[in-house]
Amino acid sequence: QVQLVESGGGLVQPGGSLRLSCAVSGRTLRTAAMSWFRQPTGKEREFVAAIRKSLGNIIYADSVKGRFTISGDNAKNTVYLQMNSLKPEDTAVYYCAASDGLPIVSSLPSASAYKFWGQGTQVTVTS
């Protein structure tokens, strides 16, 4: 059984930083693509970042490029999202997702590429 548990969300002021963690059980990072999506209140879920660690592929949404960094620790089977220079528009519930196989790079921004999802962690950016 695959389980993803996110942590690290919270309340932060604009310009601040947070690091989200996604602990994965039942699936190894070596054979999966991992991603972060977010869903602001009242809006659709949107892609944030993805990593295919075994193949060295990392992609970001344009809205977070240069501010967010996705990484993975194979030993801990954990994926991270380091978020810097946070803006109010980054406020959302952030979800971690894992693929079943290894999807092609072009499909990584699509939610349909991922079979397993965490419960989400709230990130609120406000002064």
Side-chain angles (χ1 to χ4, degrees):
Q1 184 178 358
V2 178
Q3 288 191 318
L4 285 67
V5 179
E6 302 100 334
S7 61
L11 180 67
V12 64
Q13 292 186 338
S17 297
L18 282 174
R19 188 177 80 155
L20 305 183
S21 299
C22 174
V24 184
S25 59
R27 191 87 170 87
T28 173
L29 299 188
R30 292 185 179 86
T31 58
M34 300 294 301
S35 68
W36 289 94
F37 284 74
R38 66 187 181 186
Q39 187 166 17
T41 302
K43 297 185 178 181
E44 293 188 354
R45 192 170 298 189
E46 62 184 25
F47 170 74
V48 175
I51 182 170
R52 292 196 316 176
K53 190 167 171 61
S54 61
L55 299 176
N57 301 120
I58 293 177
I59 60 172
Y60 298 97
D62 288 342
S63 59
V64 306
K65 242 176 231 180
R67 299 188 299 122
F68 290 12
T69 302
I70 188 171
S71 62
D73 185 329
N74 286 345
K76 296 182 178 180
N77 222 35
T78 298
V79 176
Y80 303 97
L81 185 69
Q82 177 67 44
M83 305 185 295
N84 298 328
S85 302
L86 282 161
K87 305 175 181 179
E89 51 264 44
D90 294 318
T91 296
V93 177
Y94 282 71
Y95 296 92
C96 176
S99 66
D100 192 16
L102 268 178
I104 59 175
V105 171
S106 60
S107 69
L108 293 179
S110 173
S112 62
Y114 305 94
K115 182 175 181 178
F116 309 104
W117 293 82
Q119 292 300 307
T121 184
Q122 176 71 45
V123 171
T124 302
V125 185
T126 181
S127 53

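Numbers here are sequence positions counted from 1. None of these values were measured; they are calculated from a predicted model.
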| query | Would you call Tyr95 and Gln39 a side-chain contact if the rule is heavy atoms closer than 4.5 Å? | reply | yes

| task | Could you pull out all residues at least two apart from Gln82 that satisfy side-chain hydrogen bond (donor to acceptor under 3.5 Å, both in side chains)? | result | Asn84

| field | All side-chain hydrogen bond (donor to acceptor under 3.5 Å, both in side chains) counterparts of Gln122, not counting sequence neighbours | value | Thr124

| field | Student check: side-chain heavy atoms of Gln13 and Pro88 closer than 4.5 Å | value | no

| note | Contacts satisfying disulfide bond (SG atoms under 2.5 Å apart) that involve residues 89-127 (not counting sequence neighbours) are Cys22-Cys96

| Going by side-chain heavy atoms closer than 4.5 Å, which hydrophobic residues are tied to Val48, directly or by a chain of links? | Val2, Leu4, Val12, Leu18, Leu20, Val24, Leu29, Met34, Trp36, Ile51, Ile58, Tyr60, Val64, Phe68, Ile70, Val79, Leu81, Met83, Leu86, Tyr94, Phe116, Val123, Val125

| Thr69 versus Tyr80: any side-chain heavy-atom pair under 4.5 Å? | no

| request: Inspect the surroundings of CD in Glu89 and state if more than 12 heavy atoms from other residues, nucleotides or ligands are less than 6.0 Å away. | output: yes

| Interatomic distance, Glu44 atom CD to Arg38 atom CZ [nearest 0.5 angstrom] | 14.0 Å

| Cation-pi between Arg45 and Phe37: NZ/CZ under 6.0 Å from ring centre and within 45° of the ring axis? | no

| Cluster link Leu102 to Ile59, ILVMFWY, side chain under 4.5 Å | no

Distance-only check: which donor-acceptor pairs under 3.5 Å involve side-chain atoms of residues 106-114, not counting sequence neighbours?
{"unit_1": "Ser107", "atom_1": "OG", "unit_2": "Ile104", "atom_2": "O", "d": "2.7"}
{"unit_1": "Ser110", "atom_1": "OG", "unit_2": "Ser112", "atom_2": "N", "d": "3.3"}
{"unit_1": "Ser110", "atom_1": "OG", "unit_2": "Ser112", "atom_2": "OG", "d": "2.7"}
{"unit_1": "Tyr114", "atom_1": "OH", "unit_2": "Leu108", "atom_2": "O", "d": "2.7"}

| note | For Ser7, the side-chain contact (heavy atoms from CB on, under 4.5 Å) test, sequence neighbours excluded, returns Ser21

| message | Between Ser35 (side chain only) and Ala50 (backbone N and O only), is there a donor and an acceptor less than 3.5 Å apart? | response | no

| Sidechain N-carboxylate O distance under 4.0 Å for Asp62, Lys65 | yes

| field | Heavy-atom pair with the smallest gap, counting every atom of Arg52 and Ala33 | value | CG-CB, 3.7 Å

| query | Between the side chain of Glu6 and the main-chain N/O of Gln119, is any donor-acceptor distance below 3.5 Å? | reply | yes

| CZ/Arg67 to OG/Ser85 distance, rounded to the nearest 0.5 angstrom? | 7.0 Å

